[in-house]
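Right, one structure below, let's go through it.
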Amino acid sequence: MEKSVEGLNEWQSLKKRMVINRVHALIHGAALAALFYYRITSISITTSLPHLLIFAAELVLSFQWLLSQGSKWNPVSRTACPDRLPADDNLPSVDVFVCTTDPVKEPSLGVMNTVISAMALDYPAHKLHVYLSDDGGSPVTFRAVKEAWGFAKMWIPFCRKYMVNNRCPQAYFMTEQTGDHHFLLRKAHIQQKAYEDFKISLAKIADSTDSRVSRDHQPIIEVINDGDEMDKDPQMPHLVYVAREKRPFHSHRFKAGALNVLLRVSALISNSPYILVLDCDMYCNDPTSARQAMCFHLDPKLSPDLAFVQFPQRFYTLCDKDIYDGEFRYAWEKWEGLNGLKGPILSGTGFYIRREALYRSTQQLQKNGDMIKWFGSSEEFINSVYTHNKPNYPSDNVLQFLASCSYDNGTKWGEQVGFRYFAVVEDYFTGLILHCEGWKSVYYESSRARPGFLGTSPDNLGEVLVQHCRWSVGLNQAKHLQEVLMTGYPTSTWITEQRMWMIRSFTSYFYANMYTIMDKIGLRKATFLPTNKAVDEAAAELYQRGVYNFEAPSVFMVPMCTLYMINMGSFVAGIWQAGKGNGMMLIESLIPLFGMILHLPLLQGMVVRKDKGRVPTNVSIVSLLLSSIVMAYASFAT
């Protein structure tokens, strides 16, 4: 194992995996070269259109495979050494950004648990500042955050005094608590009673308050406290509620717009040099994550060019029968590989990012540019860019100006400053551009038994496909089974990932490409649909049993069912032709047979099942008609 000079972190190359990856790349590359040689030399004027389309698909998939090899060339694992950090007084301050939008799809109880877990991080309280962005401007969320403050005043001292590891209240009280003596158990019981009261308060707020999301409201910024800042509890970090201005005739730029408002507002309240970004359902599971991240940010060998430390996303709602491939195992393996290069891109949540990286080089800007053109017309904000010192608390008018929907107009916000506005996946483009500007990153998975952050994963097919339509990511199949087994997962994981990759490719990724083209030519505007975090008992029950819930939108289900029926027809046609003496058709019929077996749950959903999660009858009928048309055309063409 190799160590950094300062000893704050260590890293090692995963040599066994590296050798396997490189040997496989050599063999696979040679096979592709032979395939393309055959395709090119066999092309003639009699070559049919389907053969040309297959060749084009092979080229696209091979190019995708080639691009993915960089993330496998030198996988690296990193270890943090927080016990070697400087004293607490010498640690930098950290701002935490939590984003929520809709109190119906993102229930307040889960959001407040995330907020409280962030406030309870094992970090000096006076250097920790938590900002909740309520992009829906909902009175439910505003009232709930005040209730959360009241409960946190009891919860945080309890966690700090007794060194509680699981500082998300909901997760803490869901597990059986043990202690060395009755005193701790009695204290935990008192906290649980307070938490039950807190849950009842939130339920009453949800029942008695309008939960509609507002798209037309003034900015609201409020520091949550007891009214007397002089008597602030030293164990309590800052908690700030932010609802940026929304107007129907102004583009709100989705999550990136909300994060940029938090970036500006926090600069005048705490101005911490480092920022933790969290989704509202991704709570802090390991209270030491901030200290672990500082082991990289404070390392002189890394820090000059280090933009962010990315933690993996882990999900507490996943069961052993993870039929929707919600763990994203393949993504984190790639991020581990990118550790051997310049690091991964941002993954939406669970990353500690350097504020200066989002501002670009302030020294360069001071020399070359008009600061107002870059950062807007607020002198207070521009002054905050030059220093990391905590400013005096600004006036409400200044803060509301920074949170106004027109502040970005005519500036570089979202283009070269802050989180980027190019698409609804702001994390992808922001991370990519930071790398293009010369910044590096670190992927870090804690060696402790506790994942840094835990969140919820969709438990029905519709939410999964909507989510991936938004993300539009890919999966490399080249030695997929070997990678699954080598990382300690069973063969069933490989089956699930293959199945979901095919489903996403024909639905989510197809529509994502189509929507992108329509957006570019002006036929459709990009939209952001938050994943529904509200609990659906029926869907959750099916998920726990390992049964697919096919209550997905018809635009997703019809292509899937149509393709399955085409596979069935192709298999039957192949066997028929083989019976007439065409031996090659027997081999080719194995391809649709593989698809039929892999997606057997879909056939069961169309034919066998009678429960609520079955494939709707109208979907089956439309798919049958479409597949019949395709098969009739194929029969006529041959």
### Summary
In short, Asp286 meets Ser446 closest at the heavy-atom pair OD2-OG, 4.0 Å
### Message
Is it true that, when you exclude Tyr428 itself, more than 12 heavy atoms of the residues, nucleotides or ligands shown sit nearer than 6.0 Å to its OH?
### Response
no
#### Entry: Derivation of the side-chain contact (heavy atoms from CB on, under 4.5 Å) call for Asn74 and Ser13
CA-CA 7 Å; Asn74 184 29; Ser13 292; 3.3 Å; yes
### Task
Decide yes or no for Leu278 and Cys284: does some side-chain heavy atom of the first lie under 4.5 Å from some side-chain heavy atom of the second?
yes
### Task
Would you indicate whether the side-chain heavy atoms of Pro237 and Ile156 approach each other to under 4.5 Å?
yes
Looking at [Y], is its backbone amide N or carbonyl O close enough to the side chain of [X] to form a donor-acceptor pair, meaning the two atoms are under 3.5 Å apart?
| X | Y | result |
| --- | --- | --- |
| Arg355 | Ser272 | yes |
| Thr114 | Cys280 | yes |
| Asn21 | Lys72 | yes |

Can you list the residues that meet the salt bridge (Lys or Arg N to Asp or Glu O under 4.0 Å) rule with [X], with sequence neighbours excluded?
| X | value |
| --- | --- |
| Asp134 | none |
| Arg354 | Glu356 |
| Arg167 | none |
| Glu415 | none |

### Task
Would you sort out whether Val94 and Met294 count as a side-chain contact (heavy atoms from CB on, under 4.5 Å), showing the intermediate values?
CA-CA 10 Å; Val94 174; Met294 291 307 120; 4.2 Å; yes
Partners of [X] by ring-ring contact (aromatic ring centres under 6.0 Å, His included), sequence neighbours excluded?
| X | value |
| --- | --- |
| Phe351 | none |
| Phe419 | none |
| His435 | none |
| Tyr241 | Phe142 |

### Query
side-chain contact (heavy atoms from CB on, under 4.5 Å) with Asp88: which residues, sequence neighbours excluded?
Leu91, Pro124, Arg291
Using only heavy-atom distances, determine whether the side chains of [X] and [Y] contain a donor-acceptor pair under 3.5 Å.
| X | Y | value |
| --- | --- | --- |
| Tyr444 | Asn9 | no |
| Ser384 | Asn271 | no |
| Gln313 | Asp279 | no |

Parallel, tilted or perpendicular: which describes the rings of [X] and [Y], with under 30° parallel and over 60° perpendicular?
| X | Y | answer |
| --- | --- | --- |
| Phe151 | Trp155 | parallel |
| Phe97 | Tyr131 | perpendicular |
| Tyr359 | Phe375 | perpendicular |

### Task
Not counting sequence neighbours, list each pair that qualifies as a side chain to side chain donor-acceptor pair (under 3.5 Å) and has a residue in residues 336-347.
Arg17-Glu336, Arg78-Asn339, Trp335-Ser347
### Query
Of all residues at least two apart in sequence or in a different chain, which pass the side-chain hydrogen bond (donor to acceptor under 3.5 Å, both in side chains) check with Thr100?
Glu106
### Query
Among all residues two or more places apart in sequence or in another chain, which pass the side-chain hydrogen bond (donor to acceptor under 3.5 Å, both in side chains) test with Ser77?
none
### Message
Centroid separation under 6.0 Å, is that true for the rings of Tyr352 and His297?
### Response
no
### Task
Using the side-chain contact (heavy atoms from CB on, under 4.5 Å) rule, take Thr349 and Cys99 through it: C-alpha gap first, then chi angles, then the decisive distance, then the call.
CA-CA 10 Å; Thr349 181; Cys99 296; over 6 Å; no
#### Entry: Derivation of the side-chain contact (heavy atoms from CB on, under 4.5 Å) call for Leu85 and Leu8
CA-CA 7 Å; Leu85 284 171; Leu8 287 177; 4.1 Å; yes
### Task
Among Leu358, Leu306, Leu276, find the residue that satisfies the side-chain contact (heavy atoms from CB on, under 4.5 Å) test when tested with Ile353.
Leu358
